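Here's the structure, in structure tokens; my notes come after.
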Amino acid sequence: MSNKEVVPQDVTVKLVSFSQLANVKSPLALDSYQRAYVWGEDKIIQLLNDFAEFIQTDNGQRQYYMGTLLLHQKVEVEQNKHFVIDGQQRLTSLSLLYWLLHGELPAHIQFEFRSSRSLVNIQQAKRTMLTWFKVCPIAKNEFIQVFEQLRFTVIAVQREDLAFTFFDTQNNRGVPLGSTDLLKAFHLRAIQDNNLKLVEQLQSHCARRWELVQLQGELGKTSQHNDFAPELFHYYLWRGRNWTGNQVVELESKDEMLKHFGDHSKKAMIGEVALYPAGINQWGQSLTLTTTNDYSLTPAKQHIGQQAAYLPFALRQPISQGVGFFLYAEKYASMLNVLFHQPSDSSEVLALQGFYSEVVSTLSAYLQSLFRLATLTYFDRLGSKGLLRFAIWFDHRLGAIRLAQADIRRETPLKFLREAKQNLLDVLAYAYDNDDVIRFLRQDDVSNAYASNDGWQVQIKNNRLVQERYASAVAGYFNVGDLRDKTNQHIENTITHKLSQVSVEKLGVQQGACHV
């Protein structure tokens with residue numbers, strides 16, 4: 001593979017000092033989608049302590065590396081600014097320290113904060129720095145030299161989609177990676193009893209189950225370091241449990257992850273896991289009034305066996321410490337594999353996998369991620385019944401976003417969940433049948449996005465073909481020459497046809513196997 005293929009022409013990577021950031025050709029600014037400044041007292045004190053330690057051990061020759069900055073230059077919109085995609089927390093804190101030392105802000109950092117939360121945190125950071133310097137034995141002027149020794153890796157990109165891909169890979173995977181390792185250690189330690197042999201056996205079993213989570217088939221192969229656990233907890237479990245109502249925000253810190261899945265988990269007897277049935281129902285699927293005026297529950301009991309994907313847990317239930325944590329993680333890693341990768345006996349699941357491969361895979365990565373999360377939540381609540389119907393109608397809503405917007409940002413799926421009359425994940429978590437969900441998905445008419453050529457025809461500028469690829473995939477799957485022909489009735493007819501087609505193909509495979 002050539003260098004041009006590895007590093008696109010519209011991406012530059014440089015190692016620069018703090019003062020050299022002024023030579024990036026334009027001031028650094030924040031775009032409207034950026035989150036608030038959130039560094040608290042502990043982060044500020046840690047930064048100052050690290051600088052103090054560096055000063056005391058430095059001979060004036062070393063450099064202090066401050067990580068990567070990701071910048072996006074909007075060439076066609078504003079040529080006089082580079083927008084910071086990743087690094088605003090560090091740069092804001094450094095700017096405050098610079099102001100404290102020089103009496104002015106660095107000219108090349110021109111951040112404007114729209115959130116009152118940012119202003120409150122900035123004032124608090126100032127007070128923390130002033131208080132820290134009152135007790136610090138190192139003079140302020142000794143910190144000035146540190147700024148000349150700071151070094152950053154600056155990645156500058158010109159395409160916004162590429163910028164957010166970089167950010168997602170670098171930031172989102174970085175936060176949970178360390179936290180899942182810590183969670184594993186926390187819950188292994190929680191397996192305690194006077195019977196040391198039992199403790200050792202259960203800890204060994206759980207450690208092995210954790211390895212299965214990390215290497216979960218195809219999911220693990222696409223994950224950083226072949227470890228699926230960080231993605232499982234960040235992209236699915238944390239979001240599935242915390243994206244409720246209009247409280248749809250990204251995970252802010254490793255501590256947030258550790259508190260939710262560690263400190264807030266419930267203590268349990270060794271080897272036991274608390275179950276939380278829906279209402280008073282525990283195992284029953286149907287209730288019959290018999291001729292003897294009695295009730296008959298079917299089935300009376302249920303055997304799980306080794307099928308982790310069908311353990312009787314719910315996505316949003318409280319998590320038991322120790323064994324419960326590992327079984328919970330294994331269930332949802334296994335369930336994702338069942339839904340998207342593993343050969344299945346279910347026509348619904350097979351049809352879902354085909355639809356995902358043909359259509360959903362052409363969506364933006366952010367919309368794909370939301371699709372997988374919502375599908376997991378649906379399957380967890382309602383099983384495979386109506387799964388393809390849900391998938392197609394949900395994609396119909398996501399497709400309207402894809403066709404209407406040339407750029408899909410990390411914020412896009414958050415807005416979809418947050419700004420609707422109801423949060424889709426809540427609807428799924430409390431649904432009783434497929435019709436409940438479909439009614440919700442169909443309540444907003446999005447046919448205009450499919451009826452208008454403006455939203456999806458080929459855009460020559462910047463070689464953007466993403467909308468065209470998706471439109472082509474949809475037209476192929478639904479066998480229409482024009483997306484305007486994708487009517488509600490056509491969608492329902494296609495669902496019936498695809499399920500019938502998969503059933504026939506599966507029957508053919510089974511008969512072939514018997515014949516051989």
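FYI, side chains are in, hydrogens and waters are out, and symmetry mates aren't considered; it's all heavy atoms of this structure. Predicted model, so just to flag it, every value in this text is computed and none were measured.
- Between Gly386 and Asn434, the shortest heavy-atom distance links the atoms O-ND2, 3.0 Å.
- With respect to Asp426 and Arg316, a salt bridge is recorded, a charged nitrogen being found less than 4.0 Å from a carboxylate O.
- A donor-acceptor pair shorter than 3.5 Å cannot be found between the side chains of Ser346 and Ser344.
- Phe390 CZ to Phe371 CZ: the interatomic distance, rounded to the nearest 0.5 Å, is 6.5 Å.
- Judged by the 6.0 Å and 45° rule, Arg381 forms a cation-pi pair with Tyr432.
- No donor-acceptor pair under 3.5 Å is formed between the side chain of Ser500 and the backbone N or O of Thr496.
- Residue Tyr65 qualifies as enclosed at atom OH: its count of foreign heavy atoms under 6.0 Å is above 12.
- No donor-acceptor pair closer than 3.5 Å links the side chain of Gln422 to the backbone N or O of Val427.
- Counting all heavy atoms, side chain and backbone alike, Ile408 lies closest to Tyr366 at O-CD1, 3.6 Å.
- Formation of a donor-acceptor pair under 3.5 Å by the Ser95 side chain with backbone atoms of Leu91 is found in this model.
- Nearest approach of Ile319 to Phe325, heavy atoms of both residues: CG2-CA, 3.8 Å.
- Among all heavy-atom pairs drawn from Arg151 and Leu15, the shortest one is CB-CD1, 4.1 Å.
- Of all the heavy atoms in Arg402 and Asp407, the pair that sits closest is NH2-N, 4.1 Å.
- No salt bridge links Glu348 with Arg389; every basic N to acidic carboxylate O contact stays at or beyond 4.0 Å.
- Note that the CG atom of Asp433 and the NZ atom of Lys385 stand 7.5 Å from one another [nearest 0.5 Å].
- Here the side chain of Glu41 pairs no donor or acceptor atom with the backbone of Ala125 at under 3.5 angstrom.
- Summarising the geometry, atom OH belonging to Tyr235 is positioned 13.5 Å from atom CG belonging to Leu370; distances are rounded to the nearest 0.5 Å.
- No side-chain donor-acceptor contact under 3.5 Å links Glu492 and Asn488.
- The CG atom of Leu387 sits 9.5 Å away from the CG atom of Leu382 when rounded to the nearest 0.5 Å.
- Here CG of Leu237 is found 4.0 Å from CG of Leu232. Values are rounded to the nearest 0.5 Å.
- Between the side chains of Tyr236 and Arg372, at least one donor-acceptor pair of N or O atoms lies under 3.5 Å.
- The backbone N or O of Leu403 lies less than 3.5 Å from a partner atom in the side chain of Gln467, making a donor-acceptor pair.
- For Asp50, the CG atom counts as densely surrounded, since its 6.0 Å shell holds more than 12 non-hydrogen atoms of other residues, nucleotides or ligands.
- Comment: Asp380 engages Lys331 in a salt bridge, judged by a side-chain N to carboxylate O separation of less than 4.0 angstrom.
- For the residue pair Ser503/Ser347, the side-chain donor-acceptor check at 3.5 Å is satisfied.
- Of all non-hydrogen atoms in Val359 and Ala473, the two that sit nearest each other are CG2-O, 3.9 Å.
- Remark: Lys498 qualifies as a cation-pi partner of Tyr477 under the 6.0 Å distance and 45° angle criteria applied to the six-membered ring.
- Salt-bridge formation is detected for the pair Glu411/Arg418: a Lys NZ or Arg NE/NH1/NH2 atom is positioned less than 4.0 Å from an Asp or Glu carboxylate oxygen.
- The backbone N or O of Ala351 lies less than 3.5 Å from no partner atom in the side chain of Tyr356, so there is not a single donor-acceptor pair.
- Between the side chain of Arg90 and the backbone N or O of Met66 there is at least one donor-acceptor pair closer than 3.5 Å.
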